[in-house]
Amino acid sequence: MAAGGGAPEPRVLVCLGALLAGWVALGLEAVVIGEVHENVTLHCGNISGPRGLVTWYRNDSEPVFLLSSNSSLPPAEPRFSLVDASSLHIKSLGLGDEGNYTCQEILNVTQWFQVWLQVASGPYQIEVHIAATGTLPNGTLYAARGSGVDFSCNSSSRPPPMVEWWFQALNSSSESFGHNLTVNSFSLLLMSPNLQGNYTCLALNLLSKRHRKVTTELLVYYPPPSAPQCWAQMASGSFMLQLTCRWDGGYPDPDFLWIEEPGGVIVGKSKLGVEMLSESQLSDGKKFKCVTSHIVGPASGASCVVQIRGPSLLSEPMKTCFVGGNVTLTCQVSGAYPPAKILWLRNLTQPEVVIQPSSRHLITQDGQDSTLTIHNCSQDLDEGYYVCRADSPVGVREVEIWLSVKEPVNIGGIVGTIVSLLLLGLAIISGLLLYYSPVFCWKVGNTFRGQNMDDVMVLVDSEEEEEDAAVEEQEEAHEREELPKEIPKQDHIHRVTALVNGNIEQMGNGFQDLQDDSSEEQSDIVQEEDRPV
């Protein structure tokens, strides 16, 4: 019984040891992460000091022997080796090496240690796809403003990577669009200029912490909002014509094409929109058309037209200036495009001398109207022809103005003479009226009588007029003798030829005296008629 009772004791210990080993293995389980094509070392516990007999197994459906510290047992594969008499070293890991590994150490007691090996792969070959509007020749992507853009990122990795998108605008820091383990794509519906920049897709292997990223530049283009503008001007320092075309407000800059109209002959193509033309390429009325195009439209482009015109001049042909005075010569230029350059010249020499502004010559220009003001006119220096010249790439036009410089006239003397002549003429006319029309003077006297004036006119007869009146009375008496029954009712008329001073009463008394004399004469005539013949 004693013997029988002691036999099971080793079996009981073995069972207890196996049970304890399981608990120990659970407590000492370690996790090791390796990468494909890399090497890894699995440690047999965390024990320092001398080691016992170590054997490594792989736990599949059944334990598989890999390696032992007993040199009589060869390793299962040449990739396996023992390091520090206890650790399993595996070369060139593959995805099939992932699993549970067990280390058995026999030293006084048997111990079991488990190691979980995880094999990571990638991320490799990150593929970024951005569904943009187009691609430039250098590979840069661009999208039209207001359009929608789809973004996606894919990578081969084990386990599947975590994908994160980052955006960095120009001269700013990066910002994240968020990360996701299942969704690796997103869309921007309305692209705007502030969304132009670098888009980065980052793929992270959560096991190995290895990551890869790909950065793609995306530009946002937009055409100018307004119509193009074009114009022509004279090139500085030459007689060449400069054509300029601008279409501002878009990104990037548009392309410019200058052609002749009609005919469509190409003058030049550039990004600047500036072309230089010589005089031989120009003629009055010729048209040039600027055709613009932008990478994001419109497809038909936009255009503008300039027409070259020669100048026309208008000025007064003659001007007069008094010595010591000032005079202004005016020159008007019309119809010129591009605007002409206006010069003033004197044609005293050949070639003609251009007049420069000075203390005596003031030149002003308002648009295409130019004036030349000459101060302190001198007959010797300033009299003669002046030339207004309009220089244009189409041609040169000139007009001459004759300036006459005269001595000043005594205006006061001329005015005095004219006034004297007028007064003399008035006096002569008044005398003639008084002489040939005394009745007029009688009427004037009657008018003055009612105005209480001191100076009046009194009418008297001259001797010659009295003699004429006597002759007339004799003729009338002779007629009355022939007609005795007819009594004359009208006496002769007294004519006035003298002017006296007096008042209204005096003039009335004088007139009464004349009437009394007339009555006496009439009574005398009646008495003569009563006498017998």
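If you're wondering where the values come from, they're calculated on a predicted model, not measured in any experiment.
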With sequence neighbours left out, write down each residue that passes salt bridge (Lys or Arg N to Asp or Glu O under 4.0 Å) with E127, or none if nothing qualifies. none
Shorter than 2.5 angstrom, is that how the SG atoms of C290 and C304 come out? no
Charged N to carboxylate O below 4.0 Å: is that the case for E260 and K286? yes
Grab the two heavy atoms, one from C377 and one from D382, that are nearest each other, plus how far apart they are. CA-OD2, 3.4 Å
Output for pair (W112 CH2, T110 OG1), nearest 0.5 Å, gives 7.5 Å
Are the charged groups of R158 and E98 less than 4.0 angstrom apart, N to O? yes
Shortest non-hydrogen contact between I90 and L117, atoms and distance: CD1-CD2, 4.4 Å
Checking the side chain of R246 only, and the main-chain atoms of L272 only, is there a donor and an acceptor separated by less than 3.5 Å? yes
Hey, could you give me the CG/CG distance between N376 and L381, rounded to the nearest 0.5 Å? 9.5 Å
In Å, rounded to the nearest 0.5 Å, how long is the span from CH2 of W344 to CD1 of I355? 8.0 Å
side-chain hydrogen bond (donor to acceptor under 3.5 Å, both in side chains) involving W165 - partner list, sequence neighbours excluded: none
Where the side chain of N100 meets the backbone of W116, is there a donor-acceptor pair that is under 3.5 Å apart? no
Under a 4.0 Å threshold between the charged nitrogen and the carboxylate oxygen, would D391 count as salt-bridged to R397? no
Are we looking at SG atoms under 2.5 Å apart for C331 and C388? yes
Are K271 and D255 ion-paired here, with the side-chain N under 4.0 Å from a carboxylate O? yes
For the CH2 atom of W56 and the OG atom of S87, what is their distance to the nearest 0.5 Å? 6.5 Å
Quick check on the 6.0 Å ring-centre criterion: do F151 and Y199 meet it? yes
Verify the distance criterion only: is there a donor paired with an acceptor across the side chains of T364 and T371 at less than 3.5 Å? yes
Taking D97 for its side chain and L93 for its backbone only, find out whether a donor-acceptor pair lies under 3.5 Å. no
State the CZ-OG distance between R51 and S86, to the nearest 0.5 angstrom. 4.0 Å
Is the Lys NZ or Arg CZ of R145 less than 6.0 Å from the centre of Y221's six-membered ring, within 45° of the axis? no
Examine distances only and state if a side-chain atom of N138 and a backbone atom of T140 form a donor-acceptor pair shorter than 3.5 Å. yes
Heavy-atom closest pair (T330 atom, S315 atom, distance to 0.1 Å) is O-OG, 2.6 Å
E279 and P393 have their tightest heavy-atom pair at CG-O, 3.8 Å
Closest heavy-atom pair and its distance - L313, A390: CD2-CB, 3.7 Å
Heavy-atom pair of closest approach, residues S192 and V220: O-CG2, 3.5 Å
